Amino acid sequence: MVAPRYWLLKSEPEEFSFDDLWRAPRRTTAWTGVRNYQARNYLRDELAVGDGVLFYHSSSDPSGVAGVARVVRAGYPDPSQFDAAEAGHDPASARAAPRWFAVDVRAEQKVAEFVSLERLRGEPRLASMGVLRRGNRLSVQPVSGAEWKLVLALAGLS
DNA sequence: GCCAACGTTGGC
DNA sequence: GCCAACGTTGGC
């Protein structure tokens with residue numbers, strides 16, 4: 001049994017919010033459209049079924065953690081890269097050697113209290129969280145077990 | 001392989 | 001809307 005691991009996934013709520021996920025069939029969605037190699041590597045190689053997910057609203061007012069989700073399907077080729085109608089279409093990616101990957105995530109708990117970026121910054125023990133680092137743009141980030149616990153506590157979840 | 005130009009992200 | 005940070009592209 002591998003220890004559970006934790007991640008932070010960013011989404012712009014105007015595109016897809018935690019409430020959108022909550023209302024989705026089986027509260028589940030395919031996390032597609034990631035087009036950054038470092039994030040791709042995490043999706044393809046690291047995220048495992050059962051891993052915890054902090055659902056982070058970016059480019060939002062306020063930005064912050066809106067919910068908790070879980071990985072329910074590990075990395076698989078992102079279908080949107082092969083679809084000419086999709087914004088994430090990548091003509092250079094071949095089905096035999098896909099370049100981009102997706103996972104499926106299921107919403108698990110709404111936060112009792114939204115954890116704003118300001119609130120995250122106010123917790124010294126979260127100072128090393130990736131999402132707080134200046135210039136950070138990575139949309140898939142690992143979260144430590146200690147950070148996970150703290151953020152859930154700030155969110156009013158057990 | 002270098003690096004300038006360009007595009008994107010995301011907080012403010 | 002601005003702009004810092006940073007990834008990608010392409011000329012050389």
Side-chain angles (χ1 to χ4, degrees), chain A residues 5-24 29-47 51-71 74-105 107 109-144 146-148 150-157:
Chain A
R5 294 206 292 174
Y6 307 102
W7 305 92
L8 180 143
L9 298 183
K10 291 183 190 171
S11 183
E12 300 191 14
E14 289 188 8
E15 294 293 321
F16 189 78
S17 69
F18 186 76
D19 279 342
D20 291 332
L21 179 59
W22 194 260
R23 287 190 295 260
T29 195
W31 204 265
T32 60
V34 173
R35 297 292 181 268
N36 167 282
Y37 285 104
Q38 194 178 348
R40 184 282 308 270
N41 291 345
Y42 284 137
L43 293 174
R44 184 189 60 190
D45 305 329
E46 304 287 342
L47 274 73
D51 284 0
V53 170
L54 299 175
F55 194 114
Y56 180 86
H57 284 174
S58 63
S59 296
S60 178
D61 188 17
S63 294
V65 176
V68 170
R70 199 158 290 279
V71 177
Y76 61 94
D78 177 349
S80 71
Q81 70 195 300
F82 305 120
D83 185 345
E86 290 273 354
H89 180 230
D90 184 352
S93 182
R95 286 183 186 275
R99 181 174 294 177
W100 306 112
F101 283 72
V103 298
D104 288 355
V105 300
Q109 286 181 289
K110 293 189 185 188
V111 293
E113 230 180 307
F114 184 80
V115 186
S116 68
L117 185 55
E118 186 182 16
R119 193 117 184 275
L120 291 170
R121 288 197 197 284
E123 172 51 69
R125 290 142 83 200
L126 294 177
S128 63
M129 260 189 100
V131 76
L132 302 183
R133 276 202 297 274
R134 180 178 179 81
N136 149 70
R137 288 168 39 181
L138 197 58
S139 64
V140 179
Q141 305 185 2
V143 170
S144 75
E147 290 164 348
W148 172 265
L150 267 166
V151 173
L152 261 59
L154 290 175
L157 304 174

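The structure presented is a predicted model; accordingly, all values stated were derived computationally and were not measured. In what follows, every chain begins at residue 1, and chains take the letters A, B, ... in the order their sequences are listed.
Atoms CG (A/L138) and P (B/dT9) sit 12 Å apart, rounded to a whole Å. Computed from coordinates, the A/R134 CZ to C/dC6 P distance equals 9 Å when rounded to whole Å. Here C/dT8 presents its C1' atom at 10 Å from CH2 of A/W100, a figure rounded to the nearest Å. The nearest whole Å value for the distance from the CD atom in A/Q141 to the C1' atom in C/dC6 is 14 Å. For A/R137 and B/dG7, the CZ to P distance is 13 Å, given to the nearest whole Å. Rounded to an integer number of Å, the gap from CG of A/D90 to P of C/dT8 is 12 Å. B/dT9 atom P lies 17 Å from atom NE2 of A/H57, rounded to whole Å. Atom CZ in A/R35 sits about 15 Å away from atom C1' in C/dT8, given to the nearest Å.
Put simply, the side chain of A/L54 reaches to within 4.5 Å of the side chain of A/V143, judged on heavy atoms.
Ring-plane geometry between A/W31 and A/F55 is classed as perpendicular, the angle between the planes exceeding 60 degrees on a 0 to 90 degree scale with a lower cut at 30.
Note on A/Y56: a side-chain N or O is less than 4.0 Å away from OP1 or OP2 of B/dG11. For B/dG11, the OP1/OP2 oxygens have a side-chain nitrogen or oxygen of A/S63 closer than 4.0 Å. A sub-4.0 Å separation between OP1 or OP2 of B/dG10 and a side-chain N or O of A/K10 is present.
Of the options A/L150, A/L152, A/L120, a side-chain contact (heavy atoms from CB on, under 4.5 Å) to A/V115 is made by A/L120 and by none of the others.
Using modelled atom types, one side-chain atom of A/H57 and one backbone atom of A/F18 make a donor-acceptor pair closer than 3.5 Å.
With hydrogens and angles left out, the side-chain atoms of A/D51 and A/W7 include a donor and acceptor closer than 3.5 Å.
At the heavy-atom level, A/R121 lies under 4.0 Å from the strands shown only through sugar-phosphate atoms.
Taking A/E46 as the reference, A/R5 meet the side chain to side chain donor-acceptor pair (under 3.5 Å) condition, with sequence neighbours excluded.
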**Message:** Go through it in stages, so that I can follow the logic: the residues are A/R99 and A/Q81, the test is side-chain contact (heavy atoms from CB on, under 4.5 Å), and I'd like the CA-CA distance, side-chain angles, deciding distance and then a yes or no.
**Reply:** CA-CA 8 Å; A/R99 181 174 294 177; A/Q81 70 195 300; 4.0 Å; yes
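Computed from C1' positions of five pairs at each end, the angle between the two local axes of the helix from B/dG1-C/dC12 to B/dC12-C/dG1 equals 10°, rounded to 10 degrees.
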